[in-house]
Engineer: 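Attaching a single structure in structure tokens format; questions to follow.
So you know, we letter chains A, B, ... as the sequences are listed, proteins then strands, and number each from 1. When reading the values below, keep in mind they use all heavy atoms of this one structure, side chains included, and skip hydrogens, waters and symmetry mates.
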There are 2 protein chains.
Amino acid sequence: MDRLRTNFHTNTTIERCDTCTVRHRAVCGALSKEELGYLNRLARHKKVPAGQVIMSDEEPADFVGIINSGAIKLTKTLADGRQQIVGLQFASDFLGRAYNSRNAYFAEAATDVEICSFLREDFEALLKQFPDLENRLFQNTLNELDAAREWMLLLGRKTAQEKVASFLLMLAQKSSLLGCGHSETVKFATFTLPITRTDMADYLGLTIETVSRQITRLKSRKIISITGNREFLVPDMSALTEVAGQDQPLDD
Amino acid sequence: MDRLRTNFHTNTTIERCDTCTVRHRAVCGALSKEELGYLNRLARHKKVPAGQVIMSDEEPADFVGIINSGAIKLTKTLADGRQQIVGLQFASDFLGRAYNSRNAYFAEAATDVEICSFLREDFEALLKQFPDLENRLFQNTLNELDAAREWMLLLGRKTAQEKVASFLLMLAQKSSLLGCGHSETVKFATFTLPITRTDMADYLGLTIETVSRQITRLKSRKIISITGNREFLVPDMSALTEVAGQDQPLDD
DNA sequence: CGACATGTTGAACCTCATCAACCGACGTGG
DNA sequence: CCACGTCGGTTGATGAGGTTCAACATGTCG
């Protein structure tokens with residue numbers, strides 16, 4: 001455990017895949033024990049400090065990776081500086097684009113981040129070799145597409161209040177999912193906000209002022225309570241879900 | 001040719017893949033002549049009138065398909081009826097979600113549509129059998145993800161004027177791409193608007209009134225000209241691109 | 001301690017949504 | 001044949017939700 005931690009600092013040593021904490025949730029969970037050996041030899045552990053750009057849309061990215069810890073934001077920017085976060089990725093999420101060195105966006109460490117990275121060509125070779133791995137990555141991409149479209153609904157049609165509530169709800173659900181298996185039935189949740197207000201604003205298509213105001217409003221409505229700006233408590237998930245105005249199949 | 005057309009009406013006869021006009025651009029372009037034979041036997045041609053729901057997020061979709069002609073909108077709706085179009089698909093685009101019967105959105109014919117459809121299980125079997133086909137579908141999904149994220153930037157950060165201009169620019173580029181190969185250098189473009197103002201509004205996260213006003217504004221600014229509400233002419237693509245405020249790699 | 005980053009709150013302004021009237025095209029039934 | 005309703009689209013008046021600008025609070029780190 002302690003030996004593992006020190007490895008992270010050297011930036012070149014290889015972590016043992018079989019002790020990896022996110023493996024079963026990540027794409028590499030598709031591989032058998034023996035197949036993991038291949039991964040092991042190609043994997044390279046990286047530590048990235050908060051704020052650092054990991055991939056740019058200018059220079060081709062020669063690597064892909066899997067997030068071990070921390071949060072990474074994918075951003076797109078207009079000429080005049082207006083910015084939009086188009087994806088937030090956490091531990092076990094896949095980072096980068098297979099089959100294409102051109103990235104359409106920036107990837108930036110939103111917090112300190114640990115990544116298990118691979119040369120893109122190495123990883124693509126693995127994909128060819130292990131169809132289960134490619135299939136898992138494919139499924140992963142399909143899920144990301146669904147999430148992106150869910151977010152399009154939020155960006156295009158939700159009010160500021162609903163946007164903020166939806167984001168907090170997402171985090172709350174994620175945290176209660178990690179806690180125990182039966183996620184649906186949880187009444188309350190606690191979590192630590194992984195990003196700044198600025199990033200929240202860029203994710204929700206708002207300004208920081210509006211985000212701040214809406215959070216205060218949710219506090220005064222007793223939907224959430226906060227300690228120290230980053231620790232959130234949701235006493236009643238259904239109340240938050242209500243405010244988030246979650247989309248709902250309409251029966252015609 | 002005439003025999004082919006009559007086939008469309010019967011709804012059960014099989015179109016010959018080797019005469020298909022969209023094949024080379026669609027995912028089935030990955031298959032060889034012989035492999036196309038498999039497709040041929042499984043394909044089923046469908047005609048869908050404008051307005052009809054093709055897939056719902058309620059009942060599992062048991063088929064997937066490739067669009068031969070027309071436009072299909074993918075929509076998501078909030079409980080109170082607010083709607084957002086999360087994808088617009090045209091000829092040669094793939095429709096449906098492999099590996100998952102649950103659809104996260106509605107698919108609705110925006111115009112009269114012709115689809116070449118397959119039972120989902122049939123198609124998934126083909127994917128297993130022909131890795132090239134699966135790979136092409138994967139690439140296709142990656143492109144859709146990129147497009148969705150591009151649209152997130154539009155929805156979250158662009159002004160009404162920029163939104164409308166961006167949408168028209170997209171159509172203009174699509175049309176000039178079909179015309180000739182060298183798409184980059186074209187100065188002007190003409191196209192027919194494939195959807196109503198209402199759909200435009202739902203795609204851009206605006207109201208029909210705002211869309212209408214922005215179009216009139218683009219007209220009076222001489223960026224576009226219109227005949228009969230649906231026929232658009234863009235005299236100078238670069239001017240439209242300018243107004244669309246296309247995102248631009250920022251150099252830091 | 002002062003400097004700087006992060007977050008909150010207030011006031012004024014502006015873009016876009018809302019409500020409403022209107023137009024032309026089309027189809028339908030008396 | 002025309003009155004009628006409907007649908008897609010335009011235009012105007014008004015107002016609300018969110019942005020912008022500005023001041024202030026809080027926390028952290030040298």
Engineer: Tell me which one of A:I223, A:V234, A:I224 satisfies side-chain contact (heavy atoms from CB on, under 4.5 Å) with A:L168.
Structural biologist: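 Only match with A:L168 under side-chain contact (heavy atoms from CB on, under 4.5 Å): A:I224.
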
Engineer: Below 4.5 Å, heavy atoms only, C-beta onward: do B:R157 and A:K76 meet side chain to side chain?
Structural biologist: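 Of all side-chain heavy-atom pairs linking A:K76 with B:R157, none is under 4.5 Å.
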
Engineer: Touch check for B:G51, heavy atoms < 4.0 angstrom, all strands: base, sugar-phosphate only, or nothing?
Structural biologist: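 Nothing, no heavy atom under 4.0 Å.
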
Engineer: If a protein heavy atom is under 4.0 Å from the base, mark B; if only from the sugar-phosphate, S; if neither, -; do that for nucleotides 22-28 of chain C going 5' to 3'.
Structural biologist: -------

Engineer: Would you mind telling me which of A:L193, A:L233, A:I215 makes a side-chain contact (heavy atoms from CB on, under 4.5 Å) with A:I226?
Structural biologist: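 Exactly one option meets the side-chain contact (heavy atoms from CB on, under 4.5 Å) with A:I226, and it is A:I215.
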
Engineer: Send over the distance from B:R157 CZ to D:dT20 C1', rounded to a whole Å.
Structural biologist: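 In whole Å, D:dT20 C1' lies 13 Å from B:R157 CZ.
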
Engineer: Roughly, in whole Å, what's the span from CD in B:Q161 to P in C:dA17?
Structural biologist: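 Value for this atom pair: 14 Å.
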
Engineer: Please work out which of the three classes, parallel, tilted or perpendicular, describes the rings of A:Y203 and A:F167, given edges at 30° and 60°.
Structural biologist: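 Ring orientation of A:F167 relative to A:Y203: perpendicular.
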
Engineer: N/O contacts under 3.5 Å, protein versus nucleotides 5-11 of chain D?
Structural biologist:
from: D:dG9; atom 1: OP1; to: B:R230; atom 2: NE; distance (Å): 3.4
from: D:dG9; atom 1: OP2; to: B:R197; atom 2: N; distance (Å): 2.6
from: D:dG9; atom 1: O3'; to: B:N229; atom 2: OD1; distance (Å): 3.4
from: D:dT10; atom 1: OP1; to: B:R197; atom 2: NH2; distance (Å): 3.1
from: D:dT10; atom 1: OP2; to: B:R197; atom 2: NE; distance (Å): 2.9
from: D:dT10; atom 1: OP2; to: B:S212; atom 2: OG; distance (Å): 2.7
from: D:dT10; atom 1: O5'; to: B:S212; atom 2: OG; distance (Å): 3.1
from: D:dT11; atom 1: OP2; to: B:T216; atom 2: OG1; distance (Å): 3.4

Engineer: Is the closest side-chain heavy-atom distance between B:E108 and B:I54 below 4.5 Å?
Structural biologist: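 A side-chain contact under 4.5 Å is absent here.
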
Engineer: Output the single nucleotide from C:dT18, D:dG18, C:dC16 whose closest atom is nearest the side chain of B:T159.
Structural biologist: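 My answer, after comparing the listed nucleotides, is C:dC16.
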
Engineer: Does B:N143 reach the main-chain N or O of B:N140 with its side chain, forming a donor-acceptor pair under 3.5 Å?
Structural biologist: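 Such a contact is absent between B:N143 side chain and B:N140 backbone.
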
Engineer: Run the salt-bridge test on B:D202 and B:K73 with the 4.0 Å N-O cut-off and return the result as yes or no.
Structural biologist: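 Not counted as a salt bridge, because no side-chain N and carboxylate O are separated by less than 4.0 Å.
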
Engineer: Which part of the nucleic acid does B:G205 contact within heavy-atom distance under 4.0 Å: base, sugar-phosphate only, or nothing?
Structural biologist: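 Here B:G205 touches the backbone only, sparing every base.
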
Engineer: Report yes if some heavy atom in the side chain of B:Y105 is under 4.5 Å from a heavy atom in the side chain of A:M152; otherwise report no.
Structural biologist: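 Contact flag for B:Y105/A:M152 side chains = no.
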
Engineer: Taking atom P of D:dG17 as reference, at what distance in whole Å does atom CG of B:L206 sit?
Structural biologist: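 So the CG-P distance, B:L206 to D:dG17, works out to 18 Å.
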
Engineer: Provide, to the nearest angstrom, the distance between the CD atom belonging to B:Q214 and the P atom belonging to C:dT15.
Structural biologist: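 Rounding to the nearest Å, CD of B:Q214 and P of C:dT15 are 10 Å apart.
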
Engineer: Any donor and acceptor pair, going by atom type alone, linking the side chain of A:S117 with main-chain N or O of A:R44 inside 3.5 Å?
Structural biologist: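 Yes: the side chain of A:S117 pairs with the backbone of A:R44.
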
Engineer: If I take atom NZ in residue A:K158 and atom P in nucleotide D:dG17, what distance separates them, rounded to the nearest angstrom?
Structural biologist: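 Spelled out: NZ on A:K158 to P on D:dG17 is 18 Å.
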
